[in-house]
Amino acid sequence: MPQISEICREPVKPLRLKPKMTVNELILEMSRSGSFSAGRLAQAVNIYEKMVRDGATIVFGFAGAMVPAGMKHVVIEMIKRKMVHVIVSTGANLVHDVLEVFGGVHYRGTPYIDDKLLYESGVDRVYDVFIPEDDFKNKFDKPLIEIFNDIIRENGDKIFSTAEFIEEIGKRIRDENSIVYNAYKYRVPIFVPAIQDSCFGLAVQEYVEKHCGKRIVVDAFKGVIDFLNIVGRAKKLGALIVGGGVPKNYAFQAAFKLGKPYDYVIQITMDRPEPGGLSGATLEEAVSWGKVGGEAHRVQVICDATICLPILVAAVMERIFGE
């Protein structure tokens, strides 16, 4: 049996604050305390920095609807600074990104409101963010019609993968404040495995119904081989997973298929493992599938991503780029 002195070797050091601390200085203090989610966030910063410095191919799993919560420019910085090389996203994140390109606005609201009143007023709610319903019609659906027409004119009957489809949209919107445009500009493919489960799916279906003879065909299976090829070519493989769900599984199933587990993994989630869902499944569980390496640098941070992700990215930017 080990002695107490062998187990209890590193004391918790109280976190110390000072005026004008940088983000990384705060993370270093969290690292010294080393406890609970603060310690895990500090560990995540170390792993993310290592991913970037080691030249890993970094897959970013982007679940939920983070754009309405103001996370758009965090992702844009990651793209511009080559802190991510491929994105797997829900359709929702990109819908809200494109909505803002054409003048749609996400408003600060409250969850403590009569939602029947919101419905009658034509306002949609994402927790404490409000979006006028008319914005979806006039600043998403209508602009997409012209984009769809141009895509068909240029490509004819081409069958697109989800990444190719998003790229076609990105190169036509030319907005530096857009994830979709910057991904196109910096050649970061965005795979959207469940793209039909979003307003993109509804917009394409409505377009086909209204324009007899015109079809936009997106093949959800077509991109699988492209994603497998990206993972297969990687000398070192890293993943930063926000949330879970389809983006997490899509990123991980490639490692499973190829027998090539991830070398570095960070997951930010609020979900629990007990129900058996993937969003809360531990990274240790993923080791059993061969999705994450047994010796991988890995950490799961239980935290709201709107708090954790900006701090994580800002600290790594400060360490690597001096900003």
| query | Given M71 and H96, is the side-chain contact (heavy atoms from CB on, under 4.5 Å) satisfied, shown in steps? | reply | CA-CA 11 Å; M71 295 294 104; H96 291 282; over 6 Å; no

With a 4.5 Å heavy-atom cut-off, do [X] and [Y] have their side chains touching?
{"X": "E164", "Y": "K158", "value": "yes"}
{"X": "V218", "Y": "I159", "value": "no"}
{"X": "I190", "Y": "I179", "value": "yes"}

[X] to [Y] - nearest heavy-atom pair and separation:
{"X": "P261", "Y": "A255", "value": "CA-CB, 4.1 Å"}
{"X": "N182", "Y": "D175", "value": "ND2-O, 4.2 Å"}
{"X": "P247", "Y": "G244", "value": "CD-O, 3.3 Å"}
{"X": "C303", "Y": "I268", "value": "O-CG2, 3.5 Å"}
{"X": "A251", "Y": "I241", "value": "CB-CD1, 4.4 Å"}

Joint cluster assignment, [X] & [Y], ILVMFWY side-chain distance < 4.5 Å:
{"X": "V224", "Y": "I87", "value": "no"}
{"X": "F252", "Y": "M51", "value": "no"}
{"X": "V301", "Y": "M317", "value": "yes"}
{"X": "V95", "Y": "Y207", "value": "yes"}
{"X": "I307", "Y": "V45", "value": "yes"}

| note | In L283, I47, V265, the residue satisfying side chain to side chain contact (heavy atoms under 4.5 Å, CB included) with V299 is I47

| query | For I311, which of V316, L41, N24 qualifies under side chain to side chain contact (heavy atoms under 4.5 Å, CB included)? | reply | L41

| In terms of the angle between their ring planes, are F256 and W289 parallel, tilted or perpendicular, with boundaries placed at 30° and 60°? | perpendicular

What's the spacing between [X] [atom1] and [Y] [atom2] if we round to 0.5 Å?
{"X": "I166", "Y": "F160", "atom1": "CD1", "atom2": "CZ", "value": "11.5 Å"}
{"X": "L309", "Y": "L240", "atom1": "CG", "atom2": "CG", "value": "6.5 Å"}
{"X": "K260", "Y": "K236", "atom1": "NZ", "atom2": "NZ", "value": "12.0 Å"}

| message | Would you say the rings of F200 and F140 are close, in the sense that their centroids are separated by under 6.0 Å? | response | yes

| query | What do you reckon, are the aromatic ring centroids of Y264 and Y48 less than 6.0 Å apart? | reply | no

| For Y181, is the NZ or CZ atom of R174 found under 6.0 angstrom from the centre of its six-membered ring and inside 45 degrees of the ring axis? | no

| Looking at F321, is R319 sitting on its ring face, NZ or CZ under 6.0 Å from the six-membered ring centre and within 45 degrees of the normal? | no

| So V180 and V98, side-chain contact (heavy atoms from CB on, under 4.5 Å) or not? Walk me through it. | CA-CA 7 Å; V180 172; V98 173; 4.2 Å; yes

